Visitor: 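Shown below is the structure under consideration.
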Amino acid sequence: MILRSCSSQPTSTPRNCFLNPFLAAHLKRRALIWKHELRNEYCLKSISRNFRIRALETDADQLDEATAERTKSDYGDLVWPSPSDEIPFWKGDFPSWDISEDPVDIQKDSDLMHIVHVTAEMAPIAKVGGLGDVVTGLARSCLTRGHKVDVFLPFYECINKQHIKELELISTYDSFYDGSWVSTNVYRGVVSGIPVVFIDPSNEFFKGQSVYGGSYNELEAYLFFSRACLEWLQVSGTQPDIIHVHEWQTGSLPLLYWDMYHYLSLKKPRIVLTIHNMEHYGECRQEQLNKCGLDGSTYATEEKAVDDRTIGHNPERLSLLKGGIVYSNAIVTVSPTYLKETLCSGWLAGTLIRHRDKYFGILNGIDTAMWNPATDAYLPAKFDANNVEGKKICKLYVQRGLGLASDRHPWDPDTVPLVVCISRLVAQKGLHLITNAIRYVEELGGQMVILGKAPDARVESDFKGLAELHSKGSSIRILLMYSEELSHMLYAAADIVLVPSIYEPCGLAQMIGMRYGAVPVVRKTGGLADTVFDMDDQSQPEQANGFVFEGINEGSLNGALDRAFSYYREKPGEWRAAVKKVMQIDNSWNNTAGKYIEVYNSVRVRNH
Ligand code: ADP
């Protein structure tokens, strides 16, 4: 059985090349390999029904030289995309993204608990960056291990309600804000198999077309949200073992818990704070903290929540993140190397050193059900470490869809590596290195696609200029938007995933890229240093899985790209082995959620 294309894409094979007997023999061999590969039922199954495939029975012996004339489009009756398509290929009609089933057989924990996450983000319904992925991945992993888990999330107006199952209004209650009580709806629903409680105040908070950046006061909205979550636990008589808060947005919750709700009715919960990025401090004036019912002035001390940088200024400010660090029972940051970095630099280092005994570094995992190239509904073809044929289709699909050169003869070696960079376009991510990579990859004869959103208008305009400059060429594409679907396709298409961050608490892009068979090129910092090990480092060959550079100048990055490109072109066998190896690395939550469970167990109280 083979797949036949109905593509009208003209073949680029010159007719007279078949006059050459060596070439004809080579083509015949290649055709037989194709036949074998395409017979593989995996390949058939691997091509999603979303991409309109027609499979035809064909006698294998009919394969002859003419068969070899086919271009790469012969991978199936795949409808190949083109840049002129009315609807871009990543906006197709995909099945709704539900990955609620348990991914693998996970052993249940024996000592079960109730964990409530209080968070500003949750993938895929309210995701801006890694925070959303982490909450969903960790919550699912703990559920799979048998724990009871709920996620408390603001009911942002921008959430697509179609992605929420069993959504229902369960109550209306009042929560305090700025001297009065705000009527608040509470909804329940299920997202990717995880129970979610949506907090929906009747005021202007959380209205707008994006998770962040609405026209309301963000800091005050999250102060309200933090208290509203505790208020709901009290109203509903719920006493979880652990309240797990994330980032500055929920940094006031530990203060509210220990100085207010613990004296009221909530006795059992203990608080764990995860810091995903130390650069966002939650700067807060004392009178703003007053609005959630606390006395802001009592926190304006060095031991509590004063922002150390403002000491001696008038007025001094508070930091919700610092308050969260002081008042939580345990603090986690998202990689062991970032933990060390944060103890050595930054104004919070002193506070973290004082609380060192409750501060842990746990590497993030990735949700391997959400990020699985063997089942990913967004991919034109599926693949795994043992069969990467589908990855070639994904590369070709993206190349054609974006108008990148893809006219290589199918029997020629692919010497044009595709470099992909999927990132928020902010200074942390190494903007000057990303723009340098665009130039250098083109110079090296490779291709590069950037998918990113720039919150800063100036950065956005710089990248827009670059995007326009390259839009007519055939090797660089810069797509300034957020698209979950396209990100999946790009990881699948990529030969190399580039993460040149100046600092990176953990970084998910390199881990996701590896799962999709893209070899990482990263700067050695934070979680990148914990997950990527250089291929040329002879001291740890068993760990080697990518290309690492240390400096922050363009030359350092260029050196790593040079090495990656020469492996790709000159050592194809080693490259293939690297692709297989990175796909087999277990960066799943199954691997690291256990460390969170240990932290939860170390602070929980059992006899309430
Ligand atoms: P950060 O949390 O600092 O943004 P991470 O690497 O931890 O960085 O996580 C980034 C996540 O956001 C990854 O899942 C990445 O694929 C995704 N992402 C970043 N930018 C985009 C974009 N423009 N479109 C789609 N996904 C994106």
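Each ligand, and each atom within it, is numbered from 1 in the order the structure gives. Small disclaimer: the values here were computed from a predicted structure and weren't measured. In this chain, residues are counted from 1 in sequence order.
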Visitor: Contact between ligand 1 and Cys506 is defined here as a heavy atom of the residue under 4.0 Å from a ligand atom; is it met?
Guide: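 Contact check Cys506 vs ligand 1: negative.
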
Visitor: Heavy-atom distances under 4.0 Å are what count here, so tell me which part of Pro505 touches ligand 1: side chain, backbone, both or neither.
Guide: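 Pro505 to ligand 1: no contact under 4.0 Å from either part.
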
Visitor: At less than 4.0 angstrom from any non-hydrogen atom of Ala509, what atoms of ligand 1 do you find?
Guide: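 Taking each heavy atom of Ala509 in turn, ligand 1 has 6 (O) under 4.0 Å.
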
Visitor: Please confirm whether Arg400 makes a cation-pi placement over Trp80, using NZ or CZ under 6.0 Å from the six-membered ring centre and within 45° of the ring normal.
Guide: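 The answer is yes; both the distance and angle limits are met.
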
Visitor: Output all residues satisfying ring pair (Phe, Tyr, Trp, His ring centres under 6.0 Å) with Trp248, sequence neighbours left out; order by chain, then residue number.
Guide: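 Applying ring pair (Phe, Tyr, Trp, His ring centres under 6.0 Å) to Trp248 gives Tyr222.
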
Visitor: Give yes if a backbone or side-chain nitrogen or oxygen of Glu484 is under 3.5 Å from a nitrogen or oxygen of ligand 1, and no if not.
Guide: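 No - when backbone and side-chain N and O of Glu484 are compared with those of ligand 1, no distance drops under 3.5 Å.
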
Visitor: Please identify which atoms of ligand 1 are closer than 4.0 Å to at least one heavy atom of Gly452.
Guide: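 It comes down to these atoms of ligand 1: 23 (N).
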
Visitor: Quick check on contacts: which atoms of ligand 1 are under 4.0 angstrom from a heavy atom of Tyr491?
Guide: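 Near Tyr491, meaning under 4.0 Å from one of its heavy atoms, ligand 1 has 15 (C), 16 (O).
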
Visitor: Taking both backbone and side-chain atoms of Trp371, is any N or O found less than 3.5 Å from an N or O belonging to ligand 1?
Guide: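 No.
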
Visitor: Under 3.5 Å, N or O to N or O, is Gly130 touching ligand 1 that way?
Guide: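 Between Gly130 and ligand 1 (N or O atoms, distance only) the closest approach is under 3.5 Å.
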
Visitor: Tell me, with the steps shown, if His244 and Tyr600 meet side chain to side chain donor-acceptor pair (under 3.5 Å).
Guide: CA-CA 9 Å; His244 191 157; Tyr600 296 156; 2.7 Å; yes

Visitor: Please check if the side chain of Arg563 supplies one atom and the backbone of Val548 the other of a donor-acceptor pair under 3.5 Å.
Guide: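 Yes, Arg563 side chain to Val548 backbone: donor-acceptor pair under 3.5 Å.
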
Visitor: For ligand 1, which atoms, with element, lie under 4.0 Å from some heavy atom of Asp133?
Guide: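 The list of qualifying atoms is 11 (C), 13 (C), 14 (O).
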
Visitor: Against heavy atoms of Met481, which atoms of ligand 1 measure under 4.0 Å?
Guide: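 Selected atoms, number and element: 22 (C), 23 (N).
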
Visitor: Evaluate Leu508 for polar contact with ligand 1, using N/O atom pairs at a separation under 3.5 Å.
Guide: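 Leu508 vs ligand 1: N/O contact under 3.5 Å present.
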
Visitor: With a 4.0 Å cut-off on heavy atoms, is Gln510 touching ligand 1?
Guide: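 Per 4.0 Å heavy-atom rule, Gln510 does not contact ligand 1.
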
Visitor: Go through ligand 1 atom by atom and flag the ones less than 4.0 Å from a non-hydrogen atom of Ser487.
Guide: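 Here the atoms of ligand 1 in question are 25 (C), 26 (N).
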
